[in-house]
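The structure presented is a predicted model; accordingly, all values stated were derived computationally and were not measured. Per chain, numbering begins at 1; letters A, B, ... match sequence-line order. Computation of the quantities below employed the complete heavy-atom set of this structure, encompassing side-chain atoms and omitting hydrogens, waters and symmetry-equivalent molecules.
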Protein chains: 2
Amino acid sequence: MLSDRKQKVLKAVVSEYINTAEPVGSRTLVRRHKLGVSTATIRNEMADLEEMGFLEQPHVSAGRVPSDRGYRFYVDNLMDQDQLTSSERRLLNQLAEIRAQEADTVLVAASRLLSQVSNYVGLVTSPSLNAGRLASVKLIHLEQRLTLALLFTENGRMESRVLVLPPEIEPADLEGLSTYFTHRLAGRRLEEVTSELLDQIYAELLDDFRQSRELLAEIARSVLSWLRPSGRGKVYLGGTHNILKQPEFQDIDKVRHLLVLLEEEPLLRQLLQREPGIMITIGRENELEAMQDCTVISATYTVQGQPAGTVAVLGPTRMDYSHVISVLQYMASCLEEAFSTQHSGSSS
Amino acid sequence: MLSDRKQKVLKAVVSEYINTAEPVGSRTLVRRHKLGVSTATIRNEMADLEEMGFLEQPHVSAGRVPSDRGYRFYVDNLMDQDQLTSSERRLLNQLAEIRAQEADTVLVAASRLLSQVSNYVGLVTSPSLNAGRLASVKLIHLEQRLTLALLFTENGRMESRVLVLPPEIEPADLEGLSTYFTHRLAGRRLEEVTSELLDQIYAELLDDFRQSRELLAEIARSVLSWLRPSGRGKVYLGGTHNILKQPEFQDIDKVRHLLVLLEEEPLLRQLLQREPGIMITIGRENELEAMQDCTVISATYTVQGQPAGTVAVLGPTRMDYSHVISVLQYMASCLEEAFSTQHSGSSS
DNA sequence: AATTAGCACTCCCTACATGAGAGTGCTAAT
DNA sequence: ATTAGCACTCTCATGTAGGGAGTGCTAATT
């Protein structure tokens, strides 16, 4: 579809533009990349590439800039692999040295390191409960109507919450309820716990425990409202300031729109809700208005074989794609290590 | 110290500058504020005020701008009280409608509302464990060496953590340890729990429980490392984007320095660690380099009579002082209400 | 038929000059 | 003590000119 030479030219334009952030013209192209032809030929090729939609021209007497489509072709077909420098490796390895008890601390550090080494915005989602399989549920009576509910996953994460239960529930029943919930839920992933399943469980409970239907419905509501939102992992955002070093973010208004967006955690979560592997979203491939000249590259990481969370970088479409991909892959492995050597996650 | 008229002039300059963000000259001053004298007189007064350090001149043929000292005199002596408009009240009241289970959600919303209504950056610290008095400690055996430790305060907050205890500790002893810790710590504020006190407790434990010294030291370390950092409340930051609307934040470099700072949670915490009441830090009164043309106004809020946390606003020194103060006071009362009607705080 | 040299042309960016506008300080008059 | 008047300063917006980079097209070359 694209002649060999056109591909070469496109690749040259993209990497040149990624480095310089300046529209690249035929002269600089032949000078810096050894394409044994003259500038006139390059001009013709570039005109063709523009007509095909791979390049764009800011104005008539400027050089060319890759379009979203150009970047897309580049990442799909032309990009080389990037090697991290040893100093970058060293920087990212700082993550291992944190040895923090709190998963929080590790994730904050991860997002910052991502940003620092890329000079874009770093994003990390916590190992979500959704991903891990449930190990057990524990209900512990505290005082009066307050009950502490604990949720453990197989990969050692824990979630806790104080529930307010109706006064009729007897502390003595909690043990039974705990083992019952555990029995019915263990081995499932949290996202599989639908309201239907919970309904079903309550129906069964009705037989085993001689409680009124209303009472059980009450418990249902408590537990359900608890499980749902807590399943969502938090999104950690780091190094927002670094992106201001990029020439495409010298415009205050643009920065403001971006910051508005970055404060919307649900949006970010949606941005990172991804299937396993590397995923690249370039410019207008993204639905969000304010991000149409940004690229997001995300990678998933696993903990003990289970998909756990996402690491990602957000920057201008003129992003150092291959470098960022390497960084993300390395960071993913760092996180896997950090979370598997950790005694047991979570808290607070 | 300052003649009546000078005070009038200073006040007029400050409020004019707060509104317009433009250096204010003698002409506009006599026009918009009825100071029954001529521009020449005002010019003389302003020259005096400049010499005394209350005003500054960006360049020789511009109007005057208040200096840090000028603002300080203004807030200490000249400022009027501000009334919130009903629409602002309505906006801030949205906080009550959230009715969230999670304290997190409320605090995020609070920081955003603060920002939205002020167009500066909103800051909120969570009710810190440090502030409340301890009610009880509970240790619950989970499995193998894992023990769940719970900390309750009198105002209903809870903090949880999984501790890894040495294998020699017997699950049966946990109950005893729990009541012992509770007995010794209840009624104290977390910040009073010094290492000396803990040492003392361990010494006593040595008698009651027939355990080796090393074992207890191990527990000591676990509990201590847990209590310390978790006592610090989180800092919630909201509406960073709003400050970009201010004319003093049109410079990307300045914004970057500010963002760097806002990502340093320890710094923010230090910024907000305050005694009760309203506190105003103007420009160079602040030690941090990057904040020397910013002002922070903070107010504390209480929960059930106990000092709990801080609400604050960070903006340019040209801040609408009286308005922000009203907003903070109102927000503080909103938070107090939100946390006292809440069944019981915390989780996750 | 593909490539290249040459050239006229376009557009941006910077530097520079100019003039209006706002504000000041000073002096002399009130 | 206050004020009117005035010369002076500095900023900012506007307009203009010239250099630079890059293009597209045409004609010559391989």
Enquirer: According to the side chain to side chain donor-acceptor pair (under 3.5 Å) rule, which pairs have a member within residues 51-66 of chain B, sequence neighbours left out?
Expert: Glu50(B)-Arg64(B)
Enquirer: Whole angstroms only, please: what is the CD-P distance between Glu45(A) and dT3(C)?
Expert: 7 Å
Enquirer: In the 5'-to-3' direction, what one-character label does each nucleotide of nucleotides 22-30 of chain D receive under the scheme B = base within less than 4.0 Å of a protein heavy atom, S = sugar-phosphate only, - = no such atom?
Expert: SBB------
Enquirer: Glu16(B) CD to dA22(C) P: how many Å, rounded?
Expert: 15 Å
Enquirer: His59(B) NE2 to dC10(D) P: how many Å, rounded?
Expert: 9 Å
Enquirer: Under 3.5 Å for both donor-acceptor distances, Watson-Crick or wobble: does dT18(C) have a partner, and if so which one?
Expert: dA13(D)
Enquirer: Just how far, in rounded Å, is C1' of dT2(D) from CG of Leu35(B)?
Expert: 15 Å
Enquirer: Please examine the side chains of Thr295(A) and Leu314(A), heavy atoms only from C-beta on, and report whether any two atoms are closer than 4.5 Å.
Expert: no
Enquirer: Side-chain contact test, heavy atoms from C-beta onward, threshold under 4.5 Å: evaluate it for Val311(B) versus Leu123(B) and give yes or no.
Expert: no
Enquirer: Between Thr41(B) and dT2(D), is there a side-chain N or O to OP1/OP2 distance below 4.0 Å?
Expert: no
Enquirer: Flag yes if more than 12 heavy atoms outside Lys254(A) fall under 6.0 Å of its NZ atom; otherwise flag no.
Expert: yes
Enquirer: Taking NZ, NE, NH1 and NH2 as the nitrogens, is one of them in Glu285(A) or Arg72(A) under 4.0 Å from a carboxylate oxygen of the other?
Expert: yes
Enquirer: In whole angstroms, how far is the P atom of dA22(C) from the CZ atom of Arg32(B)?
Expert: 12 Å
Enquirer: Which pair of heavy atoms, one from Gly239(B) and one from Ser115(B), lies closest together, and at what distance?
Expert: O-OG, 3.0 Å
Enquirer: With both distances under 3.5 Å as the test, what is the Watson-Crick or G-U wobble partner of dA21(D)?
Expert: dT10(C)
